[in-house]
Amino acid sequence: MINLFEPNNTDTTKEQFDTLVKTKNIRIEKISSFGQTSTDWYEQARNEWVVVIEGEGKLLFEDGSEQALHKGEYIHIPKMQKHKVIYSANPTIWLAIHFD
């Protein structure tokens, strides 16, 4: 059983991605970050709704705008919108829902 409120400490040198539910139309994943940031842009083919369960993070978008997210805060990222993580606390737990 995976606990949403506990980070996946399998390897804290990199983000841990745990798929909680996956169907044809939706994927729900728990992401455990330990201070990691993105070097590459994410440009996903599906919409993404993200909430911070624990910790905090900051996203950068291709247009130069930034969005800080703290515990309990969420954001909808439309499909194909380029973004990257430029800050994450150690630890940060994200819940990401990818959908059409």
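Inter-residue side-chain proximity for Q67 and F61 is flagged as met; some heavy-atom pair is nearer than 4.5 Å. Counting heavy atoms from C-beta outward, I97 and N47 have side chains that stay 4.5 Å or more apart. Contact of the L59 side chain with the I86 side chain is not registered, since no non-hydrogen atoms from C-beta on lie closer than 4.5 Å. Counting heavy atoms from C-beta on, the side chains of N8 and F17 never come closer than 4.5 Å.
Residue I75 is not grouped with residue I53 when hydrophobic side chains (ILVMFWY) are merged at heavy-atom distances under 4.5 angstrom, including chains of intermediate members. Grouping the Ile, Leu, Val, Met, Phe, Trp and Tyr side chains by contacts below 4.5 angstrom, directly or via other members, places V50 apart from F5.
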>> As a quick check of understanding, evaluate salt bridge (charged side-chain N to carboxylate O under 4.0 Å, His left out) for K84 and D40, giving each step before the final call.
In response: CA-CA 7 Å; K84 62 170 76 175; D40 297 324; over 6 Å; no
> Given the rule in the ring pair (Phe, Tyr, Trp, His ring centres under 6.0 Å) test, do W49 and F99 qualify, once you have shown the distances and angles that lead to the verdict?
Replying inline: CA-CA 8 Å; W49 184 87; F99 60 97; 8.8 Å; no
>> Apply side-chain contact (heavy atoms from CB on, under 4.5 Å) to residues T92 and I31 and explain how you reach the verdict.
In response: CA-CA 8 Å; T92 298; I31 306 163; over 6 Å; no
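Between W41 and K82 the shortest heavy-atom distance is CE3-C, 3.8 Å. Annotation for H70 and V52: closest pair O-CB, 3.6 Å, computed over non-hydrogen atoms. Across every non-hydrogen atom of W94 and K58, the tightest pair is CH2-N, 4.5 Å.
For the atom pair CG of L69 and OG of S88, the computed distance is 11.5 Å after rounding to the nearest 0.5 Å. Between the CG atom in N3 and the CD1 atom in I93 there is a gap of 8.0 Å [rounded to 0.5 Å]. Taken from CD in E48 to OH in Y42, the straight-line distance is 8.5 Å, to the nearest 0.5 Å. To the nearest 0.5 Å, atoms OG1 (T12) and CD (Q36) are separated by 7.5 Å. Distance check: Y87 OH to S38 OG gives 14.5 Å after rounding to the nearest 0.5 Å. One distance of note links CG of L4 with OG of S32; it measures 10.0 Å at 0.5 Å rounding.
No side-chain donor-acceptor contact under 3.5 Å links T23 and N25.
Using a 4.0 Å cut-off between a side-chain N of Lys or Arg and a carboxylate O of Asp or Glu, E29 and R27 qualify as a salt bridge. With salt bridges taken as basic N to acidic carboxylate O contacts below 4.0 Å, none links K71 and E56.
At distances below 3.5 Å, at least one donor-acceptor pair connects side-chain atoms of Q16 with backbone N or O atoms of D11.
Among H98, K79, Q81, the single residue meeting the side chain to side chain contact (heavy atoms under 4.5 Å, CB included) criterion with Q44 is H98.
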